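By convention in this document, chain letters (A, B, ...) are assigned in the order of the sequence lines, proteins followed by strands, and residues within each chain are numbered from 1. Everything quoted here is computed from the prediction, not taken from an experiment.
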Amino acid sequence: MLEKAYAPDAVEKKWVDAWKEARLFDSAPATDGRRSYTVVIPPPNVTGALHIGHALNNTLQDALIRWHRLHGREACWVPGTDHGGIATQNVMEKQLKAEKLARHDLGREKFLERMQVWVRDCKKTILGQLVRLGCALDFSREAFTMDEVRARSVHHAFQRFYDEGLIYRGSRMVNWCVRCGTALSDIEVESEDRKAKLWRLRYPVKGKPGRYLVVATTRPETMLGDTAVAVHPEDERYKDLHGAEVELPLTGRTLKVVPDAMVDREFGTGAVKVTPAHDPNDYDIWTRHKGEMEGPRPVIGFDGKMLAEGVPAEFVGLPREKAREAVLAALASEAAPDGDPILAGEEDYKHAVSVCYRCQQAIEPLVSEQWFMKMEPVAAKALAAYDDGRFKIYPASWGKPYRNWLANIQDWCLSRQIWWGHRIPAWYCLSCNDLKDKPFMTVKGLKPTVSAEKPAKCAHCGKAGGDFLQDPDVLDTWFSSALWPLSVFGWPERTKDLAFYYPTEVLVTGYEILYLWVARMQMMGLWFEDKVPFPHALIHGIVRDKSGKKMSKSLGNVVDPLVMMDKHGTDAFRFAIVSQAHPGRDIPFAEESVTGPRNFVNKLWNSTRYVLDYALKNEPAPAGGYPLEKLDRAKLSLADRWILARFEAVTAEAEADVAEYNLAAAADTLYGFLWDDFCDWYVELSKPALADPARAEAAKTILVQVLSGTLKLLHPFMPYVTEELWQALKPYAGETAAFAFQAGAPRPTGWKDDEAVAQMRRLIAAVGSIRAIRSILEVPPALKLKAYFMGSNGSAPLLEKHADMVKYLARLESLELASARPPRAAVAVAGTTPIYLPLEGVVEFDKARARLEKAIEKLGKELVKADGMLGNKSFLERAPKEEVEKVKSRRDEAAAEQGFLKDTLAALAAG
RNA sequence: GGGCCGUUAGCUCAGCGGUAGAGCGUCCGCCUUACACGCGGUAGGUCGGGGGUUCGAAUCCCUCACGGCCCACCA
């Protein structure tokens with residue numbers, strides 16, 4: 001016997017333990033021909049606890065895994081975590097900072113040791129949260145992007161790309177994060193609108209006294225590194241200055257004036273100072289005018305401070321921001337030859353600043369030596385896979401941006417100057433490479449030997465057993481993430497797992513990492529295995545706070561999933577987020593949104609209590625339970641046939657929704673079925689049926705089977721409560737599986753029955769109509785009324801046949817056929833058939849009038865509309881016949897009902 | 001500067017070519033023996049504006065407005 005109320009805590013704990021004990025979610029390659037259904041988790045970074053976005057992401061995956069396991073696939077959901085590169089290193093650096101330490105105080109080795117300890121704890125937290133959320137993960141397969149197996153995958157991939165000439169070392173302008181101390185790839189840079197100033201600087205033109213070239217800049221400190229001034233080739237104002245020279249203030253250096261079409265004549269002064277060492281555009285200008293101007297002159301170092309070389313002593317060593325102030329001060333006091341200051345103006349200006357996606361600090365573009373990967377050939381494969389439909393994105397609207405990104409792909413900067421990550425498997429023979437006291441980033445022409453271990457001999461000089469230095473940098477964390485669907489199955493080894501589980505089925509993730517991760521997995525999978533790693537990607541939105549703002553610690557609007565689970569139960573919380581996860585939409589999460597689902601859990605609980613305690617009276621289950629197969633269709637009641645048909649239809653609907661990854665729609669469909677169809681109508685109608693020995697057996701069977709079937713369909717969304725309830729129903733349902741997970745989905749029963757559905761719909765409407773009248777006219781709820789219907793066609797035969805049902809549901813004393821309209825009666829309708837409710841002495845008629853008039857008016861509008869359509873020749877000729885029929889019957893019903901209401905009104909007035 | 005998404009009941013959102021829906025909230029009435037985390041009923045929308053296609057448009061096309069996101073080298 002079930003407790004009176006559902007207690008989530010105890011039940012959840014019970015099943016977590018039982019599932020674990022049974023190793024329920026462990027998977028092995030099937031040998032009986034069953035297909036795999038594989039999902040690899042987007043490995044959370046080991047940066048701390050999971051947030052509500054993870055809860056959404058993993059609930060969706062869990063629902064898919066459980067759904068397809070119920071449908072007979074060999075489901076395998078691979079858990080794991082990501083080492084998380086810069087993000088994780090930053091977490092550790094913050095901890096160190098609290099201890100007044102920097103990573104260099106510890107040294108690389110000690111630092112990494114500490115990281116390992118942190119990672120161990122963090123994994124435990126994360127995996128514990130996933131378990132709590134109910135995730136059906138195969139923990140025997142837990143992987144980490146930096147464990148030994150994954151390291152082999154990474155080294156192998158690097159080696160192959162290097163051998164194929166796709167990975168190379170080169171000098172480029174890269175996005176440098178001064179705070180994180182590392183280069184970043186282009187997609188790790190975000191742009192942020194910031195308030196700034198636009199300053200005007202006057203550069204004196206050489207040989208033309210009194211002539212100045214005025215440049216506009218947001219970064220005056222970089223003027224120290226200027227090597228040219230650019231103007232538009234067609235700009236009349238400056239045509240005479242092409243090839244002229246200007247003097248760079250504060251330094252006395254000479255700059256060339258170069259014409260370049262990139263310059264916008266409308267913006268600023270139409271003249272641009274060119275700093276090829278610190279601006280990507282300027283760098284490009286230099287590449288176009290190499291013979292005409294000096295190349296990059298770096299003035300800002302990797303630490304963000306002004307360099308010594310070529311910088312006036314007063315600025316040397318100043319951080320960028322301070323240097324800006326100092327340079328501005330100097331330019332304001334520095335007089336040009338005409339006596340006026342060099343600094344000629346300042347205006348407010350808002351513009352996009354490139355910032356680091358991990359620390360939001362302004363990016364400093366710097367030229368350095370880094371490892372890059374040439375992406376075009378790899379992207380071409382992914383592009384082809386997308387175009388020919390081997391890879392599909394849900395919702396499809398993400399396809400265009402995805403495609404666009406691949407089509408315009410840039411080389412990928414792979415190396416990071418941090419310690420936490422896969423060390424780049426490149427070694428430098430000290431005979432071939434002069435590395436004495438030089439930062440690798442500045443050494444040109446290095447000759448690497450690529451190898452996971454210290455190489456036996458140099459690939460360049462062939463010297464064996466020499467001294468080698470391993471590249472100090474690590475790989476972009478996304479490089480190992482990109483290999484995830486391969487590496488978790490042991491690739492490049494030809495493992496049985498790889499053969500059975502790869503390619504995986506679907507990748508579920510948020511759109512913020514579509515390029516960073518999804519696209520790269522596609523590229524890697526196609527390049528190495530010639531197969532898409534997953535044919536489908538389900539791209540969900542971001543969970544925001546209830547006002548639509550992004551959740552963030554600094555805003556203090558973060559919702560902790562654990563707290564939600566504690567307060568409302570895991571199932572209610574899961575159902576709340578899934579029902580809001582409409583394809584392609586962000587989710588504004590309000591805690592109140594868990595209330596409905598919590599009530600639904602309660603509803604499920606009590607429906608099952610009804611079936612067990614009330615319908616089955618807690619009697620022991622007969623051998624084999626109450627199978628549907630034993631039902632004699634000819635003996636079923638209308639309600640029986642109706643609920644079975646509805647169940648069949650709803651099952652198909654939910655299946656179609658899930659096939660399109662529209663889990664919110666599936667959840668909604670099942671919610672509505674259980675609550676409205678099953679509880680509000682079938683359960684109510686089963687009460688008199690159970691009291692009737694001729695019908696009791698069928699009612700019991702249908703209650704048990706439909707409810708347990710619905711529980712199985714809901715199990716992917718709310719695993720705990722459905723497990724608990726399904727277990728209780730199991731013997732009655734005649735099921736033998738140990739857990740709901742293994743119980744199999746409801747099979748089609750063949751109970752399609754359009755007639756029953758149509759008839760039931762009619763009777764439900766009739767009951768609704770009677771109830772409405774009772775309620776509006778304030779008939780005391782407990783009072784049973786007499787009712788009469790008339791006619792021999794329309795719904796009359798149906799009412800006659802199912803008078804008991806209507807009587808029970810509408811609280812009628814009697815429902816009989818009458819030959820004449822009873823006096824002083826209100827009227828309800830069943831289609832075109834009137835149901836009269838004599839109300840003499842029961843209510844005050846005045847109250848009914850206003851309401852009747854309103855209803856008559858409303859029906860009048862409907863009639864006008866329907867008549868308009870039916871009077872329209874084009875409609876009659878061109879619309880499908882069934883549509884015309886629909887309108888006709890709608891018109892007839894409205895006309896009939898309006899007639900009854902008018903009669904009623906007249907009758908009331910007469911009284 | 002491109003591209004995408006959104007604008008539907010008081011709130012949060014479904015629906016996306018055939019009479020406007022759900023949940024929550026409102027209001028009225030009910031402790032009717034599974035459930036007051038409940039039951040029954042009720043009010044509330046010219047589906048952002050304007051054009052067009054169609055027998056018919058919230059749903060398709062164009063355009064405008066207002067939000068939001070993504071991409072892009074305007075100093």
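A residue-by-residue look at A:Lys687 and A:Tyr511 shows that A:Lys687 has its nearest nucleotide of RNA chain B further toward the 5' end. Of the two residues contacting RNA chain B, namely A:Lys273 and A:Met869, the nearest-nucleotide position lying further toward the 5' end is that of A:Met869.
Taking the P atom of each, B:A22 and B:A9 are spaced 14 Å apart, rounded to whole Å. When the P atom is used for both B:C60 and B:G18, the distance is 11 Å, rounded to whole Å. Look at the P atom in both B:C16 and B:U12: the space between them is 22 Å, to the nearest Å. With both ends at atom P, the span from B:G44 to B:G3 equals 43 Å, rounded to whole Å. The same atom, P, is picked in B:U42 and in B:G51; the two are 36 Å apart, to the nearest Å. Atom name C1', nucleotides B:C39 and B:C70: the rounded distance is 48 Å, in whole Å. Separation of the P atoms belonging to B:G21 and B:U54 is 28 Å when rounded to the nearest angstrom. Taking the C1' atoms as reference points, B:C61 lies 38 Å from B:G25, given to the whole Å.
Note on A:Arg265 versus A:Asp235: no salt bridge recorded, every NZ/NE/NH1/NH2 to OD/OE distance being 4.0 Å or above. Ion pairing of A:Lys854 with A:Glu857 is absent here, as no side-chain N (NZ or NE/NH1/NH2) approaches a carboxylate O to less than 4.0 Å. We find that A:Glu221 and A:Arg324 are joined by a salt bridge, their nearest charged nitrogen and carboxylate oxygen being less than 4.0 Å apart. Using a cut-off of 4.0 Å between Lys/Arg side-chain N and Asp/Glu carboxylate O, A:Arg219 and A:Glu364 are scored as salt-bridged.
Side-chain nitrogen and oxygen atoms of A:Lys603 include none within less than 4.0 Å of the OP1 or OP2 phosphate oxygen of B:C35. Contact annotation: A:Trp675 side-chain N/O to B:C39 OP1/OP2 distance is under 4.0 Å. Close to B:U33, at under 4.0 Å from its OP1 or OP2, lies no side-chain N or O of A:Tyr610. Checking the phosphate oxygens (OP1, OP2) of B:G38, no side-chain nitrogen or oxygen of A:Asn606 falls inside 4.0 Å. Taking 4.0 angstrom as the limit, A:Arg585 places a side-chain polar atom (N or O) nearer than this to OP1 or OP2 of B:A14. Regarding contacts with the backbone of B:C37, every side-chain N or O of A:Arg598 stays at 4.0 angstrom or more from both OP1 and OP2. When the side-chain nitrogen and oxygen atoms of A:His351 are compared with OP1 and OP2 of B:A75, one or more of them lie within a distance under 4.0 Å. Phosphate proximity of B:U12 to A:Lys546: absent, as no side-chain N or O sits under 4.0 Å from OP1 or OP2. For the OP1/OP2 pair of B:G56 and a distance below 4.0 Å, the side-chain nitrogens and oxygens of A:Lys865 include no atom meeting the criterion.
Residues satisfying the side chain to side chain contact (heavy atoms under 4.5 Å, CB included) test with A:Arg891, not counting sequence neighbours, are A:Leu863, A:Ala866, A:Asp867, A:Leu870, A:Ala895.
Checked against the 6.0 Å centroid criterion, the rings of A:Tyr720 and A:Phe573 do not qualify as a close aromatic pair.
Using Watson-Crick or G-U wobble geometry with both donor-acceptor distances under 3.5 Å, B:G6 finds its partner in B:C66. Across all strands shown, B:C13 is found opposite B:G21 as a Watson-Crick or G-U wobble partner, with both distances under 3.5 Å. Checking B:U54 for Watson-Crick or G-U wobble geometry (two distances, each under 3.5 Å) identifies no partner in any strand. Figure legend. B:C35 is base-paired to no nucleotide; pairs are counted as Watson-Crick or G-U wobble with both atom distances under 3.5 Å.
Remark: P of B:A43 and CD1 of A:Ile776 are 7 Å apart, rounded to the nearest angstrom. Remark: C1' of B:U8 and NE2 of A:His582 are 14 Å apart, rounded to the nearest angstrom. The nearest whole Å value for the distance from the OH atom in A:Tyr671 to the C1' atom in B:C37 is 10 Å. Between the CD1 atom of A:Ile770 and the P atom of B:G40 there is a distance of 15 Å, rounded to whole Å.
A:Glu862 comes within contact range of at least one nucleobase, with a heavy-atom separation under 4.0 Å. A:Tyr515 comes within contact range of the sugar-phosphate backbone alone, with a heavy-atom separation under 4.0 Å but no base atom that close. No engagement by A:Val887 is indicated, since no non-hydrogen atom pair under 4.0 Å with the nucleic acid exists. No contact: A:Gln410 has no heavy atom under 4.0 Å from any strand. Heavy atoms of A:Asp586 sit nowhere under 4.0 angstrom from any nucleic acid atom. No contact: A:Pro280 has no heavy atom under 4.0 Å from any strand. Counting any heavy atom pair closer than 4.0 Å across all strands shown, A:Asn872 reaches sugar-phosphate atoms only and no base atom. A:Pro401 comes within contact range of no nucleotide atom at all, as no heavy-atom separation falls under 4.0 Å. Heavy atoms of A:Ala772 sit under 4.0 angstrom from primed sugar atoms or phosphate atoms, though from no base atom. Counting any heavy atom pair closer than 4.0 Å across all strands shown, A:Arg771 reaches sugar-phosphate atoms only and no base atom.
The side chain of A:Phe267 lies closest to B:C74 when the candidates are B:A34, B:C74, B:U42.
Between A:Glu592 and A:Thr595, the side chains place no donor N or O within less than 3.5 Å of an acceptor N or O (distance only, hydrogens not considered).
At least one side-chain heavy atom of A:Phe600 sits less than 4.5 Å from a side-chain heavy atom of A:Leu674.
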